[in-house]
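Reminder, nothing fancy here: chain letters follow the sequence lines and each chain counts from 1.
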Protein chains: 2
Amino acid sequence: MAESESAIVDLEIIVQGAQEGKKLELRLWLRMLSTTKLISQEIRRRLRNEFGATLPQFDLMAQLYREREGLRLGELSKRTMVTNGNVTGLVERLEADGLVQRVTPDGDRRVTVAKLTAKGETSFSAMAAAHEGWLRDMMADVDPAIVRELWRDIGAVKSSVSNHLSGTDFD
Amino acid sequence: MAESESAIVDLEIIVQGAQEGKKLELRLWLRMLSTTKLISQEIRRRLRNEFGATLPQFDLMAQLYREREGLRLGELSKRTMVTNGNVTGLVERLEADGLVQRVTPDGDRRVTVAKLTAKGETSFSAMAAAHEGWLRDMMADVDPAIVRELWRDIGAVKSSVSNHLSGTDFD
DNA sequence: GGACGATATTTGAAATGTCAAAGGTTTGGG
DNA sequence: CCCAAACCTTTGACATTTCAAATATCGTCC
């Protein structure tokens, strides 16, 4: 019997498992964060160079693009995961550039609805096409089956995180 | 929205399924981004509430913690993926709080080396322990095998992205 | 030894980000 | 009707972020 050999292997696995098991979540987080930063920086650079736009502006316009009726600023804030005060400034600048229009509905004067202008729609749709291509290029070396798996499993992470938030978040 | 007719829902699933193959990378990116934002916001909130610190400060201190000799600001910039100018301000504020110390070595007066103070080390090690726990909690519902898989596969994504950057990045 | 290119950090302008507090508006009891 | 609670957005103080330009120092070549 090769009992002594397999005992060593088992020990290594155990030790390794003990080391990695401890901080596995931390390591995943650090890798997710650095990868996200890397991709964000690349997209930001290209948006700037090729379209003179910023990433937060692009994100905000993306939300408005699929809600042609426009969105309240509060709703925009939730969807872009950006604070209310920040949305105010973003919409202000986009309005100054003629890409977005602000309207206060008759029914409720507390509300401001933001909506893409015709110019905004044209501008965004060009950026969106390029944006999608950039992502395909950046992930070109990753097997599509893996991409799909990642999409699913990161969904599980997001779901777990959502269920363990400290704040008063139960909407 | 209204849960009116299941026929509509089925149609949506079919249509969505056809679209999925096309924009898989885009959808992965959007999910990565939103998940990362979610986790960041949670960590930020807890760092603020429990330690009065910010996330970038924590990140910077983490780098210094494992280099007890300290790091040049340029090296800090690379490791934290933060621009040079930004590091200057971060270190300034941390120094004002007595957590970090700046030293100019004798050999080269262009250089500034940042180093944790004793107070900084104590402060960071408390935050680090909590931080690791937060991540374990947030990801508690995810199978450790999946966490491990994600860690590996996101590594593949990062690698692919690194090989398809537009900038003059070849270090 | 003085000019020049390379290196390292700082500065400045503009945008983005958080949070808390303040402004208006609407709504719902009393 | 009126006031208080709830809602939506804006404002203000600060921190972080990027980029580009400016500073300062080093090393080298002539």
Side-chain angles (χ1 to χ4, degrees), chain A residues 33 36-38 40-49 51-61 70-78 80-97 99-100 102-114 167-168 171, chain B residues 33 36-38 40-49 51-61 70-78 80-97 99-100 102-114 167-168 171:
Chain A
L33 187 57
T36 300
K37 274 190 184 176
L38 192 63
S40 288
Q41 284 170 356
E42 177 70 6
I43 294 177
R44 197 191 316 278
R45 181 181 343 174
R46 298 213 201 191
L47 277 177
R48 178 180 189 78
N49 292 343
F51 296 98
T54 68
L55 185 48
Q57 288 172 357
F58 176 78
D59 279 351
L60 195 153
M61 291 175 75
L71 288 169
R72 299 163 156 215
L73 298 197
E75 188 56 28
L76 260 179
S77 169
K78 271 182 212 150
T80 56
M81 301 178 77
V82 151
T83 51
N84 275 334
N86 200 0
V87 167
T88 297
L90 280 167
V91 170
E92 248 169 26
R93 275 167 237 124
L94 287 169
E95 192 173 34
D97 291 344
L99 300 168
V100 160
R102 260 189 300 197
V103 182
T104 297
D106 294 343
D108 190 339
R109 291 212 309 261
R110 291 171 298 183
V111 174
T112 299
V113 171
T168 56
D171 52 288
Chain B
L33 187 57
T36 299
K37 274 190 184 176
L38 192 61
S40 289
Q41 284 170 356
E42 176 70 5
I43 293 178
R44 197 191 319 280
R45 182 182 343 176
R46 298 213 202 188
L47 277 176
R48 177 179 190 77
N49 292 344
F51 297 99
T54 68
L55 186 48
Q57 288 173 356
F58 176 78
D59 279 350
L60 196 153
M61 291 175 76
L71 288 169
R72 300 164 155 214
L73 298 196
E75 189 55 29
L76 260 178
S77 169
K78 271 181 212 152
T80 56
M81 298 178 79
V82 151
T83 51
N84 274 336
N86 200 0
V87 167
T88 297
L90 282 168
V91 170
E92 248 169 24
R93 275 166 237 122
L94 287 169
E95 191 173 34
D97 291 345
L99 300 168
V100 161
R102 260 188 302 197
V103 181
T104 298
D106 292 343
D108 190 339
R109 291 213 309 261
R110 293 171 298 183
V111 173
T112 300
V113 171
T168 57
D171 54 285

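Taking atom CG of residue B:Leu90 and atom C1' of nucleotide C:dT11, one finds them 15 Å apart after rounding to whole Å. In this structure, A:Leu55 places its CG atom 16 Å from C1' of C:dA14, rounding to the nearest Å. Spacing between atom CZ of A:Arg46 and atom P of D:dT18 amounts to 18 Å, rounded to whole angstrom units. Summarising the geometry, the separation between CD on B:Gln57 and P on C:dT18 is reported as 16 Å, rounded to the nearest angstrom. In this structure, B:Asn86 atom CG and C:dA13 atom C1' are separated by 14 Å, rounded to whole Å.
Proximity of B:Gln41 to the phosphate of C:dT18: a side-chain N or O atom is located under 4.0 Å from OP1 or OP2.
Closest-nucleotide positions on DNA chain C for A:Thr54 and A:Asp106 were compared, and the one nearer the 5' end corresponds to A:Thr54. With the nearest nucleotide of DNA chain D identified for both A:Arg44 and A:Gly89, A:Gly89 has the one nearer the 5' end.
For the side-chain contact (heavy atoms from CB on, under 4.5 Å) test, residues two or more places apart in sequence or in another chain that qualify with A:Asp108 are A:Arg110, A:Val111. With sequence neighbours left out, the side-chain contact (heavy atoms from CB on, under 4.5 Å) criterion links B:Glu75 to B:Leu71, B:Arg72, B:Lys78, B:Arg79. Listed by chain and residue number, nothing satisfies the side-chain hydrogen bond (donor to acceptor under 3.5 Å, both in side chains) test with B:Glu92 (two or more places apart in sequence, or in another chain). Residues that satisfy the side-chain contact (heavy atoms from CB on, under 4.5 Å) test with A:Ser77, not counting sequence neighbours, are A:Asn84, A:Val87. Residues passing the side-chain contact (heavy atoms from CB on, under 4.5 Å) test with B:Ser40, sequence neighbours excluded: A:Trp29, A:Leu33, B:Thr36, B:Arg44, B:Leu55.
The side chain of B:Glu92 lies closest to C:dT11, out of C:dT11, D:dT17, D:dT11.
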Restricting both atoms to N or O, compile the protein contacts to nucleotides 4-9 of chain D shorter than 3.5 Å, with distance only.
from  : atom 1 : to       : atom 2 : distance (Å)
D:dC7 : O2     : A:Arg110 : NH1    : 3.4
D:dC8 : OP1    : A:Arg72  : NH1    : 2.9
D:dT9 : OP1    : A:Leu73  : N      : 3.2
D:dT9 : OP1    : A:Thr112 : N      : 3.2
D:dT9 : OP1    : A:Thr112 : O      : 3.1
D:dT9 : OP2    : A:Gly74  : N      : 2.6

